[in-house]
Novice: 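Before I ask anything, here is the structure I am working with.
Heavy-atom basis, side chains included; hydrogens, waters and symmetry copies ignored. All of these numbers come straight from a predicted model, not from anything done at the bench. Remember, it's 1-based here, ligands and their atoms both numbered in the order they're listed.
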Amino acid sequence: MLSLGIESTAHTIGIGIADGRGKILADKRAIFKPPEGWGIKPADAANHHKLHADSIVKNALAEAEIEMGEIDIISVAAGPGMPPCLSVGMNIAKSVSREYKKPLIGVNHCLAHIEIAKLLAKAKDPIVVFVSGANTQIIGYMEGRYRILGETQDIGLGNALDKFGRSAGIGFPAGPKIEELAKNGKYMELPYTVKGMDLSFSGLITHASRLLEKKQKLEDVSFSLQETAFAMVTEVAERAMAHAEKDELVVTGGVAANRRLCEMLDIMCRERGGKFFACPRKYSGDNGVMIAWLGLLAHKAGNKGIQEINSRWRVDEVDAGWV
Ligand code: AMP
Ligand code: MG
């Protein structure tokens with residue numbers, strides 16, 4: 001069975017093709033980059049996606065060496081995300097589904113990150129640290145659903161790093177640059193905010209940006225920002241593992257590319273006799289393959305997904321009957 005997956009929730013328009021065994025046949029993407037110093041404006045990203053959609057679909061089919069008629073299901077990321085961006089993907093999905101008479105399965109973008117990470121990292125029943133631009137959630141599967149055990153109360157970790165990056169003038173995305181700069185930095189104390197199982201990053205970013213205004217070295221602030229934010233995430237992840245009695249941890253989302261974050265989570269897991277996995281870098285950011293794969297899992301479990309976009313769709317609203 002072949003699934004075509006469409007991702008367009010935020011900065012990336014991606015088309016992936018996968019089969020029922022998790023073999024990846026195609027993966028094509030185009031990424032919208034906002035002008036220097038700006039965040040992503042939804043309408044601009046949506047225009048970018050519309051502009052690239054046709055050629056990306058065509059290139060994905062060519063890479064898989066198949067024609068659209070051979071696809072069995074159309075999977076699309078129906079949310080959460082920016083409404084104008086989500087609509088681009090949903091409109092493509094609807095028109096292809098109508099033209100080729102294939103089922104349309106609207107899946108949850110965050111669950112797609114989780115399932116592709118489990119597939120590729122070969123984890124069975126992990127706590128998931130999902131750290132992307134817009135999202136920061138610690139998630140575990142319990143009794144039929146993925147439950148959100150802890151999450152950010154304000155901005156996502158990736159967006160927090162990018163916001164700091166804008167005040168430092170280091171461009172977008174800032175995460176990789178902060179990681180580089182941090183290698184030559186020294187530690188200074190920054191506000192550490194964990195409330196129960198939830199996290200908060202905006203005060204940390206404001207504080208870090210002020211230190212730059214006070215002429216502290218960018219390397220030192222970058223290092224300290226990473227140490228503080230990642231320790232917060234590691235603390236909540238550890239408590240989630242203990243509470244849910246799970247001994248595997250998977251990290252995914254764009255920020256999972258960060259080696260220092262992975263190192264901290266790995267040390268924590270080893271200290272408690274658990275196992276750490278990272279989603280392979282290539283598939284930890286937004287892509288169409290993960291959407292195609294979750295569509296297949298849902299379809300096999302008789303879950304038809306949703307047929308309209310839902311920009312605030314949470315993972316715990318989905319019956320994860322495929323697990
Ligand atoms: P996503 O929304 O999942 O595509 O992830 C994008 C986010 O990941 C952006 O906010 C980036 O700054 C962040 N990111 C990418 N690479 C790294 C890295 N090496 N370290 C920290 N953050 C990163
Ligand atoms: Mg994402």
Novice: Run the numbers for me: atoms of ligand 1, each under 4.0 Å from some heavy atom of His11, listed by number.
Specialist: 1 (P), 2 (O), 4 (O)
Novice: Quick check on side chain to side chain donor-acceptor pair (under 3.5 Å): which of Gln307, Glu99, Glu308 does Lys94 satisfy it with?
Specialist: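 With Lys94 as partner, Gln307, Glu99, Glu308 yield a single side chain to side chain donor-acceptor pair (under 3.5 Å), made by Glu308.
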Novice: Determine the interplanar angle of the His113 and His109 rings, folded into 0 to 90°, and report it as parallel if under 30°, tilted if 30 to 60°, perpendicular if over 60°.
Specialist: perpendicular
Novice: Numbering the atoms of ligand 1 from 1, which are under 4.0 Å from a heavy atom of Asp162?
Specialist: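 Atoms satisfying the 4.0 Å criterion: 9 (C), 10 (O), 11 (C), 12 (O).
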Novice: Validate the cation-pi geometry between Arg29 and Tyr283: distance from NZ or CZ to the six-membered ring centre under 6.0 Å, angle to the ring axis within 45°.
Specialist: yes
Novice: Parallel, tilted or perpendicular for Tyr187 and Phe223, by the 30°/60° rule?
Specialist: perpendicular
Novice: Under a 3.5 Å cutoff, is there a donor and acceptor pairing between the side chains of Asp286 and Thr12?
Specialist: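 There is no such pair between these side chains.
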Novice: For atom 11 (C) of ligand 1, state which one of Pro173, Ala160, Cys262, Gly165 supplies the nearest heavy atom.
Specialist: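 Nearest option to atom 11 (C) of ligand 1, by heavy atoms: Pro173.
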Novice: Report the nearest protein non-hydrogen atom to atom 3 (O) of ligand 1: residue, atom name, distance rounded to 0.1 Å.
Specialist: Gly254 N, 2.8 Å
Novice: Out of Glu227, Glu179, Glu180, which one pairs with Arg260 under the salt bridge (charged side-chain N to carboxylate O under 4.0 Å, His left out) rule?
Specialist: Glu227
Novice: How far is atom 23 (C) of ligand 1 from its nearest protein heavy atom, and which residue and atom name does that atom have?
Specialist: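 I find the closest protein heavy atom is Gly175 CA, 3.6 Å.
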Novice: Among all protein heavy atoms, pick the one closest to atom 2 (O) of ligand 1 and tell me residue, atom and distance.
Specialist: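 Protein heavy atom with the smallest distance to atom 2 (O) of ligand 1: Gly133 N, 2.9 Å.
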Novice: Please could you name the atoms of ligand 1 that Glu179 approaches to less than 4.0 Å, counting only its heavy atoms?
Specialist: 18 (C), 19 (N), 20 (N)
Novice: Please confirm whether Arg259 approaches ligand 1 to less than 4.0 Å, judged on its heavy atoms.
Specialist: no
Novice: Consider only side-chain N and O atoms of Ser3 and Ser75, and report whether a donor and an acceptor are under 3.5 Å apart.
Specialist: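 Checked: Ser3/Ser75 side chains pair up, N/O donor to acceptor below 3.5 Å.
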Novice: With sequence neighbours excluded, what pairs up with Trp38 under the side chain to side chain donor-acceptor pair (under 3.5 Å) test?
Specialist: none
Novice: Counting N and O atoms only, with roles assigned by atom type, does the side chain of Gln226 sit under 3.5 Å from a partner on the main chain of Thr228, one being a donor and the other an acceptor?
Specialist: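 It does not hold such a pair.
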Novice: Can you name the atoms of ligand 1, numbered from 1 with element, that are less than 4.0 Å from a heavy atom of Gly158?
Specialist: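 Matching atoms, with element in brackets: 10 (O).
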Novice: What residue and atom, counting heavy atoms only, is the protein's closest point to atom 13 (C) of ligand 1, and at what distance?
Specialist: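 It is Val255 CG2, 3.9 Å.
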Novice: Regarding His113, does it place an N, O or S atom less than 2.8 Å from the Mg ion (ligand 2)?
Specialist: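 Within the cut-off used here (under 2.8 Å), His113 does place an N, O or S atom near the Mg ion (ligand 2).
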Novice: For atom 20 (N) of ligand 1, what's the nearest protein heavy-atom neighbour? Residue, atom name and distance, please.
Specialist: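 That would be Asn258 ND2, 3.0 Å.
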Novice: Give the atoms of ligand 1, by number and element, whose distance to some non-hydrogen atom of Leu161 is under 4.0 Å.
Specialist: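 By the 4.0 Å cutoff, the relevant atoms are 21 (C), 22 (N).
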Novice: So is Arg281 polar-close to ligand 1, meaning N/O to N/O under 3.5 Å?
Specialist: no
Novice: If you look at Asp286, which of its N/O/S atoms is nearest to the Mg ion (ligand 2)?
Specialist: OD1
Novice: Look at the side chain of Asn159 and the backbone N and O of Leu157, then say whether any donor-acceptor pair between them is shorter than 3.5 Å.
Specialist: no
